[in-house]
Protein chains: 2
Amino acid sequence: MLSKKTKYGLKALTYLALQSKREPVQISEIAEHENISQKFLESILLTLRNTGFLGSKKGKGGGYYLLKDPSEIHMTTVIRVLEGPIAMVPCVSLNFYEKCDDCPDENKCAVHKLMLQVRDSVLEVYRNNTLADLISE
Amino acid sequence: MLSKKTKYGLKALTYLALQSKREPVQISEIAEHENISQKFLESILLTLRNTGFLGSKKGKGGGYYLLKDPSEIHMTTVIRVLEGPIAMVPCVSLNFYEKCDDCPDENKCAVHKLMLQVRDSVLEVYRNNTLADLISE
DNA sequence: CTATTATCCTATCGATTTAATAGAGTAATC
DNA sequence: GATTACTCTATTAAATCGATAGGATAATAG
């Protein structure tokens with residue numbers, strides 16, 4: 001299940017990407033337009049800022065804005081930041097690998113074999129999608 | 001993240017599929033061999049029985065056994081029974097569809113667009129794998 | 001018929017995670 | 001210097017997960 005954090009984060013990113021001008025947009029505007037709890041969205045935008053996707057400006061006329069072009073924002077990185085590992089089990093994770101303590105031999109493990117394929121196919125989808133792809137007609 | 005329920009269930013199924021004879025195997029034997037909490041495994045095998053994957057026999061010499069040939073057991077059905085919906089958001093689920101209450105138009109939703117692709121690619125993996133595929137060398 | 005074996009079923013529990021909220025602090029603009 | 005709006009920490013309620021306990025039920029062995 002996709003967390004609301006990721007869902008809301010993606011929606012906020014697309015909202016910012018759809019702005020005609022690259023000017024700061026207030027949290028409240030995004031929250032209202034996308035039907036998101038403002039306080040919850042605050043924390044999400046903060047992590048998107050701390051991970052280099054967004055810039056921010058304080059005070060009147062402040063808000064958040066994209067730091068890169070939507071075509072430069074890949075779903076692999078967005079998902080990893082918001083949702084965590086893409087793999088469904090740590091033993092097939094590229095960036096968060098961890099051995100199963102119960103499994104004596106990964107190469108003979110059916111779960112491993114299946115989840116490797118799932119990881120690869122999901123990864124390909126994320127690699128083929130940037131923020132620009134998601135907002136295009 | 002894949003739940004332990006699904007992980008254990010898959011391991012139990014492969015253990016049963018690898019038996020030379022189609023005779024009942026005790027829970028304790030599976031639990032021990034696959035390093036699974038026996039009580040937890042009990043409940044998992046029970047749902048696999050109630051959903052038509054396994055048969056069971058009580059009393060001495062009792063246990064669980066596969067009801068179908070491993071090549072007839074598709075990952076789509078196994079995963080749906082153990083893990084639930086394959087889609088990461090209800091609005092792209094084939095079997096558990098549900099409209100997002102916050103999203104005014106699915107066709108304009110970036111999350112929807114992305115998760116549709118994810119669902120399709122994962123579904124293809126599951127469709128291409130039976131229990132027989134997972135235990136083959 | 002009775003003891004043993006092993007599945008069946010319900011109920012509960014602790015830990016973790018998730019989504020949301022509260023409130024005070026900081027920096028920029030007017 | 002007042003207002004605006006982001007920054008940060010802490011807390012909370014609810015849900016889910018993994019595991020455990022204990023007794024009921026059914027089949028076999030003798």
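Every chain is numbered from 1, with letters handed out A, B, ... down the list of sequences.
- Contact check, B/S56 against C/dC8: a side-chain N or O comes under 4.0 Å of OP1 or OP2.
- With hydrogens and angles ignored, the 3.5 Å screen pairs no side-chain donor or acceptor of A/K108 with any backbone N or O of A/C103.
- For the pair B/Y126 and B/V78, the minimum side-chain heavy-atom distance is 4.5 Å or more.
- The hydrophobic side chain of A/F96 is isolated, with no ILVMFWY side chain under 4.5 Å apart from it.
- For the segment residues 97-104 of chain B, no residue has any heavy atom less than 4.0 angstrom from an atom of DNA chain C.
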Q. How does protein reach along nucleotides 21-30 of chain D, written 5' to 3' as B (base within reach of a heavy atom under 4.0 Å), S (only sugar-phosphate), or - (no contact)?
A. BB--BSBS--
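- For the contact set between residues 29-38 of chain A and DNA chain C, defined by any heavy atom under 4.0 Å, the members are A/S37.
- For the OP1/OP2 pair of C/dC8 and a distance below 4.0 Å, the side-chain nitrogens and oxygens of B/R49 include at least one atom meeting the criterion.
- Partners of A/D69 under the side-chain hydrogen bond (donor to acceptor under 3.5 Å, both in side chains) rule, at least two apart in sequence or in another chain, are A/S71.
- Annotation: of the two residues near DNA chain C, B/S28 and B/S43, the 5′-most nearest-nucleotide partner is B/S28.
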Could you list, one pair per line, each protein nitrogen or oxygen that sits under 3.5 Å from a nitrogen or oxygen of nucleotides 17-19 of chain C, together with the distance?
from   : atom 1 : to   : atom 2 : distance (Å)
C/dA19 : OP1    : A/K4 : N      : 3.1
C/dA19 : OP2    : A/K4 : N      : 3.3

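- The stretch residues 80-93 of chain A has no heavy atom under 4.0 Å from DNA chain C, so no residue of it qualifies as close.
- In this pair, B/F40 and B/Y8 present their aromatic rings perpendicular. The plane angle is above 60°, beyond the 30 to 60° band.
- Of the charged side-chain nitrogens involved, at least one lies within less than 4.0 Å of a carboxylate oxygen, so that B/E42 and B/K39 count as a salt-bridged pair.
- Looking at heavy-atom distances under 4.0 Å, A/L45 makes no contact with the nucleic acid at all.
- Counting Ile, Leu, Val, Met, Phe, Trp and Tyr side chains that sit under 4.5 Å apart, directly or through other members, A/L18 shares a hydrophobic cluster with A/I135.
- Listed by first and then second residue, the side-chain hydrogen bond (donor to acceptor under 3.5 Å, both in side chains) pairs that reach into residues 92-101 of chain A are A/Y97-A/E106, sequence neighbours excluded.
- A/T51 places a side-chain N or O within donor-acceptor distance of the main-chain N or O of A/T47, the cut-off being under 3.5 Å.
- By the neighbour-count criterion of 12 heavy atoms within 6.0 Å, atom CD of B/E29 is densely surrounded, having more than that number from other residues, nucleotides or ligands.
- Each side-chain hydrogen bond (donor to acceptor under 3.5 Å, both in side chains) pair with one or both residues in residues 53-64 of chain A, not counting sequence neighbours, appears once here: A/R49-A/S56.
- Heavy-atom neighbours of B/Q38 CD from other residues, nucleotides or ligands within 6.0 Å: above the threshold of 12.
- Residues satisfying the salt bridge (Lys or Arg N to Asp or Glu O under 4.0 Å) criterion with B/K11, sequence neighbours excluded, are A/D102.
- If you chain together ILVMFWY residues whose side-chain heavy atoms come under 4.5 Å of each other, B/M1 ends up in a group of its own.
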